[in-house]
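What you see below is based on every heavy atom in this structure, not just the backbone, and it leaves out hydrogens, waters and symmetry mates. Just so we're on the same page: letters track the sequence lines, and every chain starts at 1.
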Number of protein chains: 4
Amino acid sequence: MTKGCPNPLDHRTRIGQTRREKTRERLCEAAIMVFAERGLNGTVIDHVVRQAGVSRGTFYNYFDTIEDVLDAARVMLKRELVLLVKDSVDFDRPPAERVAFGLRAFIEVARQNKLFLEFSARLGHQSYSFSNLLKETAPGFVSSAIEAGEFRPIPEGLIFDLMESGAIAVLRRLMDGEEVDVAAFVAAMLRVLGLSYEASVAIAALPVEVPQPAEDSLLLRANATWSASH
Amino acid sequence: MTKGCPNPLDHRTRIGQTRREKTRERLCEAAIMVFAERGLNGTVIDHVVRQAGVSRGTFYNYFDTIEDVLDAARVMLKRELVLLVKDSVDFDRPPAERVAFGLRAFIEVARQNKLFLEFSARLGHQSYSFSNLLKETAPGFVSSAIEAGEFRPIPEGLIFDLMESGAIAVLRRLMDGEEVDVAAFVAAMLRVLGLSYEASVAIAALPVEVPQPAEDSLLLRANATWSASH
Amino acid sequence: MTKGCPNPLDHRTRIGQTRREKTRERLCEAAIMVFAERGLNGTVIDHVVRQAGVSRGTFYNYFDTIEDVLDAARVMLKRELVLLVKDSVDFDRPPAERVAFGLRAFIEVARQNKLFLEFSARLGHQSYSFSNLLKETAPGFVSSAIEAGEFRPIPEGLIFDLMESGAIAVLRRLMDGEEVDVAAFVAAMLRVLGLSYEASVAIAALPVEVPQPAEDSLLLRANATWSASH
Amino acid sequence: MTKGCPNPLDHRTRIGQTRREKTRERLCEAAIMVFAERGLNGTVIDHVVRQAGVSRGTFYNYFDTIEDVLDAARVMLKRELVLLVKDSVDFDRPPAERVAFGLRAFIEVARQNKLFLEFSARLGHQSYSFSNLLKETAPGFVSSAIEAGEFRPIPEGLIFDLMESGAIAVLRRLMDGEEVDVAAFVAAMLRVLGLSYEASVAIAALPVEVPQPAEDSLLLRANATWSASH
DNA sequence: GATGAATGAGGCTTCATTCAT
DNA sequence: CATGAATGAAGCCTCATTCAT
């Protein structure tokens, strides 16, 4: 209550927590870069701490295993991606278009963000996964569309699995530098959902606006740091 | 001692090669079992040689790295699978049915052979892969069907990727003990190829005969040994 | 605010010293509990500061090493024990009875105070030691009794060593939950001092009143806290 | 069965086992030296392997922890000591003399073998222990003597504990370079067993022949190596 | 060829200690 | 004084690889 001299303990605590949070983020960012480059199995704690510029001991103040930091990194990435993809989808459009835009937005973000591409492709289904993203972005979305007669019946778990595993297969090709017909992939998924061949191709061909990550986003910052050294 | 064996060196050589081949197979079999249980990263050479009942040094007489023995094991498995799946497909049937039968045969073999299921699901796209299998079983098969108007246009690489990644996703669910609607998966793939929803569902529902591996096949022998200890 | 406190600096200093002393005691108490549980080698500074509820850095304001805090704790315990055992010994009794009472009082205190038992048994001869206690309680006591013809000649150092090492062996058995014939131990020590078998057994069998630690003693407080979590 | 060419496998196996046993002994010997110098807690695996002149990895081919090698070393030492002390005791002598000779032999061996002294004193009751030695050398020996009326009643466990803890206290004094009246200690133990003061002193004063370890004994070899570097 | 003991680089983990706030 | 984040030395342990028999 004393003006001009708030509880010094609180102050110290706040400072400490801020610093703590910052270090944690540095570790996650570093982990993303290392994972992107070496995959989960090629990554050891030493790589991460060196990339983060902290000491080995510091790592253990925040995580117990290399998997733990991957989990944390995944969560951070996912948070940003959900926002990003959500932005790119117009909720007034019919379900098929929303699926098409979401898938393409996801792939385009990866295509334009090499770090993210490597991370997602390499980590495969262990990484942030599209199906989870879809579930979080729009839970029950497919089911309702099926009930509404927009899609034909298919188990929701299956369509999520196919989208995720398919998207990762696409990213893997992109990472290897191969040409990929993204529209064909999107159209295929739409047919899985019951659309006719013609409709699937038409909707998959609609122009899509690729969402741009915010200037200060983890995605952009990490990509910048990472690209600098490649 | 052997009548009609003029050159003892030849004999010894032949005997030696037989023994050599047998040891190699033992190592591969052992590797499959260990990989099925622990995945690629959990597996170390010691596990394999102990399972095979040979000495550590012997391993290096046949392979250089743990990946090498995995490769060899993959090849052996694939050889058996190609035969198995080929058997189950009647080449007089229309392409859609052949795709449906092939996919289902593959999944059913895995469902009935726990060792193979674990191996394929765990190794994921690193394992023997379905798309490779498809390519080897019937190269150009999809393209011709497209040209013949049986399927609608789609890049051959893409459809292979989707089938492989989708099939592995299915196996992973099976391995986790989840219920999987295999027919729905097969129907989805048929729609990707351009069939109508009704046709896809109808063909996916056709009864399929699961091919049985030969008594002395690697698949069956290894599965028996492995199941004995689980 | 305090009436009759002319020099605020003195006041602050005094307050500070009080606080300082209290923190020091908290650390010692905590150390005793941790040592009792994990022994010297299993104990790390972190355990102690967490038990004491202070920060890691604070530890270094009071001690340099983990051994230092053990030393301090030992001193505190010993101070209390000397008083306790002294109370239980009637100085008008003959030397043999005083030895018997002292030994039994010591062992009974440990028997009734689980924390102290674990601490003493685990730390062994590194802990507060009985021979030191004896020396401090009654220096020269044995020598005089020998000169007075109450005991038979034996090097004072040796008898102290035997009592200490023997008592700790007894405590160790108690800690392991074994039955221990304390009277037999006491009688044995009396025979070492030259008493006849019959006399030793008779005196060791005399009823002894176990001294009770004061309500606010370190012994009782720490034991309470510690017992609460076991 | 073939003369002149016994099974080569057997031969190799035998060679291997011999080598294996030798390395194991080297590690134990090394461990004894290191423990003697630094105690259990000051000893780390690196010290032992360096002393043994083998690689770090080799250690793990034989033991899992530093405690394990201590156990093994204890067993080896004990085996030698049992023989040594047994030799020094004339089984025709009365029980009191046998106890006296055994105790003195043990202490004299330690006094003349610096390595063994340090090892026993430092490891304390964790080390090879006298009471175990006594139990193994002559199980039930004390009980029978009590029944025969040679000693007075005392729990066997207690007398063993007192002898062990007392002997170690004596060794500790010796290690610290203090003068120790070994005869007084032995006499004390005899009085514990019920002998009169005069008898105890008389028997403890009997001349004792110190047993000499065999030339190729672990005790002598290790002591030589160790003394060379002190 | 087969064997398995020995090796040592590489990664993991703990914990005493420092120091800015 | 108290705090706790950061540090890095020190020890632990695994495992691919070599090599004498």
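- Summarising the geometry of A:Ala72 relative to A:Cys28, their closest heavy-atom pair is CB-SG, 3.7 Å, with the distance given to 0.1 Å.
- In this structure, D:Gly53 and B:Tyr62 both approach DNA chain E, and ranking their closest nucleotides by distance from the 5' end singles out B:Tyr62.
- Considering only side-chain N and O atoms, D:Thr58 lies nowhere under 4.0 angstrom from the phosphate OP1 or OP2 of E:dA5.
- Here A:Arg20 reaches the OP1 or OP2 of F:dA5: one of its side-chain N or O atoms lies under 4.0 Å away.
- C:Asn41 places its CG atom 12 Å from the P atom of E:dA16, with the value rounded to the nearest Å.
- Checked by atom type and distance alone, the side chain of A:Gln51 never pairs as donor or acceptor with a backbone atom of A:Met33 at under 3.5 Å.
- Rounded to whole Å, atom P of F:dA2 lies 12 Å from atom NZ of C:Lys22.
- In this structure, D:Arg26 places its CZ atom 13 Å from C1' of E:dT7, rounding to the nearest Å.
- Atom CG in C:Leu40 sits roughly 13 Å away from atom P in E:dC15 (whole-Å rounding).
- B:Val54 has its side chain out of reach of B:Phe59: every pair of non-hydrogen atoms, C-beta onward, lies at least 4.5 Å apart.
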Per-nt protein contacts along nucleotides 12-19 of chain F (heavy atom under 4.0 Å; B base, S backbone sugar-phosphate only, - none) come out as SBBSSBB-
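- No side-chain heavy atom of A:Lys22 sits less than 4.5 Å from a side-chain heavy atom of A:Arg26.
- For the pair D:Arg24 and D:Phe63, the NZ or CZ position fails the cation-pi test of under 6.0 Å to the six-membered ring centre and within 45 degrees of the ring normal.
- Between B:Val69 and B:Leu27, the shortest heavy-atom distance links the atoms CG2-O, 4.1 Å.
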A correct dot-bracket answer for DNA chain E, with pairs being Watson-Crick or G-U at under 3.5 Å, [ ] for crossing pairs and | for inter-strand pairs, is .||||||||||||||||||||
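- At the phosphate of F:dA2, OP1 or OP2 sits under 4.0 Å from a side-chain N or O atom of C:Thr23.
- Proximity note for A:Ser55 (side chain, C-beta onward) versus F:dG8, E:dT3, E:dA6: the nearest is F:dG8.
- With hydrogens and angles ignored, the 3.5 Å screen pairs a side-chain donor or acceptor of C:Arg122 with a backbone N or O of C:Ala36.
- In this entry the distance linking CD of D:Glu21 with P of E:dA5 reads 12 Å, nearest Å.
- Using a 4.5 Å heavy-atom cutoff, the side chains of B:Thr23 and B:Asn61 are not in contact.
- Side-chain contact between D:Asn41 and C:Leu40: absent, with no pair of heavy atoms (C-beta onward) separated by less than 4.5 Å.
- Going from atom CZ of C:Arg50 over to atom P of F:dG4 covers 12 Å, rounded to whole Å.
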